A.B. asks: 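Dumping the structure here so I can ask a few things about it.
This is a predicted model, so every value here is computed, not measured.
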Amino acid sequence: MTHTDLAAVANEAQAWFDGYVETFIGLAAKGSIDPAPLLDYFSVPISMTTGTAHTVLTSAEALSQGLAHELRGLCDADYGGSKALDPVVRALNERAAEIEVTWARQDSQGREFQRVRVLYLGARTDAGWRTVASVILAS
């Protein structure tokens, strides 16, 4: 595979991730707890690792519940928006990319209440790009 081919893969992954960012921030900013618009950005099973837990969601229902829980948490935090800071997209091969980004989350008054660095593993599936794993990185 040539460098140009990998650049095209990275561009595709970036465009897909940009759609996810826009969808996620838009839902959370509206106070929505319905994860349905986010489900197409993830593949089941999906592996999620934080500093305190490792979870594998093995069904669409579990994924939906997990995303709804995250949206509820942001709603409870008086979420106003996020900035996706310094995203880095690296094509790993023709069907996979890693995306590393810092989320700077703000309340409705524009005050930052959380900053977290996340690594996503994206895969090009038969249904399109999907997140197959995510890891909260140590700060």
A.B. asks: Applying side chain to side chain contact (heavy atoms under 4.5 Å, CB included), run through Leu121 and Leu92 and close with a yes or a no.
C.D. replies: CA-CA 10 Å; Leu121 178 59; Leu92 302 174; 3.7 Å; yes
A.B. asks: Can you tell if the side chain of Val56 reaches within under 4.5 Å of the side chain of Met48, non-hydrogen atoms only?
C.D. replies: no
A.B. asks: Hey, what do you get for CG (Leu63) to CG (Leu67), rounding to the nearest 0.5 Å?
C.D. replies: 4.5 Å
A.B. asks: So which atom in Ser32 and which in Asp34 form the shortest heavy-atom distance, rounded to 0.1 Å?
C.D. replies: OG-N, 3.2 Å
A.B. asks: I need the minimum non-hydrogen distance between Leu57 and Val44, along with the two atoms involved.
C.D. replies: O-CG1, 3.8 Å
A.B. asks: Return the OG1 to CG distance between Thr131 and Asp40, rounded to the nearest 0.5 Å.
C.D. replies: 11.5 Å
A.B. asks: For a quick test of reading the model, state the closest non-hydrogen atom pair linking Val89 to Ala13 and the distance between them.
C.D. replies: CG1-CB, 4.0 Å
A.B. asks: Would you check if the side chain of Trp129 reaches a backbone N or O of Trp16 as a donor-acceptor pair within less than 3.5 Å?
C.D. replies: no
A.B. asks: Between Cys75 and Gly31, what is the shortest heavy-atom contact and its length?
C.D. replies: SG-O, 4.2 Å
A.B. asks: Please check if the number of heavy atoms outside Glu22 that lie under 6.0 Å from its CD is greater than 12.
C.D. replies: no
A.B. asks: Between Trp103 and Phe24, what is the ring plane arrangement, given parallel below 30°, perpendicular above 60°, and tilted in between?
C.D. replies: tilted
A.B. asks: Is it true that Leu39 and Leu27 fall in one hydrophobic cluster, defined by side-chain heavy atoms closer than 4.5 Å?
C.D. replies: yes
A.B. asks: Measure up the Tyr79 and Phe113 rings against each other and bin them: parallel (under 30°), tilted (30 to 60°), perpendicular (over 60°).
C.D. replies: perpendicular
A.B. asks: Would a distance-only check, ignoring hydrogens and angles, find a side-chain to backbone donor-acceptor pair under 3.5 Å from Arg72 to Ile33?
C.D. replies: no
A.B. asks: Specify the closest pair of heavy atoms between Asp107 and Ala77, including all atoms of both residues, with the distance to one decimal.
C.D. replies: CB-O, 4.0 Å
A.B. asks: Locate the shortest heavy-atom distance separating Leu74 from Ala28; write the atom from each residue and the value.
C.D. replies: CD1-CB, 4.0 Å
A.B. asks: Could you walk me through whether Phe17 and Val101 pass side chain to side chain contact (heavy atoms under 4.5 Å, CB included), step by step?
C.D. replies: CA-CA 10 Å; Phe17 187 73; Val101 64; 3.8 Å; yes
A.B. asks: Donor-acceptor pair, distance only, cut-off 3.5 Å: does the side chain of Tyr41 make one with the backbone of Gly19?
C.D. replies: yes
A.B. asks: Does one hydrophobic cluster hold both Tyr20 and Ile136, with members joined at side-chain heavy-atom distances below 4.5 Å?
C.D. replies: yes
A.B. asks: Give a yes or no on whether Val116 and Leu71 share a hydrophobic cluster (residues Ile, Leu, Val, Met, Phe, Trp, Tyr; joining criterion: side-chain heavy atoms under 4.5 Å apart).
C.D. replies: yes
A.B. asks: Apply salt bridge (Lys or Arg N to Asp or Glu O under 4.0 Å) to Arg117 and Asp86, showing your working.
C.D. replies: CA-CA 10 Å; Arg117 189 88 176 150; Asp86 62 339; 2.9 Å; yes
A.B. asks: Should Glu98 and Leu119 be marked as a side chain to side chain contact (heavy atoms under 4.5 Å, CB included) after you check the CA-CA gap, both sets of side-chain angles, and the distance that decides it?
C.D. replies: CA-CA 7 Å; Glu98 67 176 27; Leu119 176 71; 4.0 Å; yes
A.B. asks: Got a donor-acceptor contact below 3.5 angstrom from the Arg95 side chain to the Arg124 backbone?
C.D. replies: yes
A.B. asks: Just how far is it from atom OG1 of Thr50 to atom CG of Leu137, taken to the nearest 0.5 Å?
C.D. replies: 11.5 Å
A.B. asks: Output yes when a side-chain donor or acceptor of Arg115 lies under 3.5 Å from a complementary backbone atom of Glu112, and no otherwise.
C.D. replies: no
A.B. asks: Distance from Arg105 atom CZ to Asp78 atom CG, nearest 0.5 Å?
C.D. replies: 14.0 Å
A.B. asks: Are side-chain heavy atoms of Ile46 and Val132 found at a separation under 4.5 Å?
C.D. replies: no
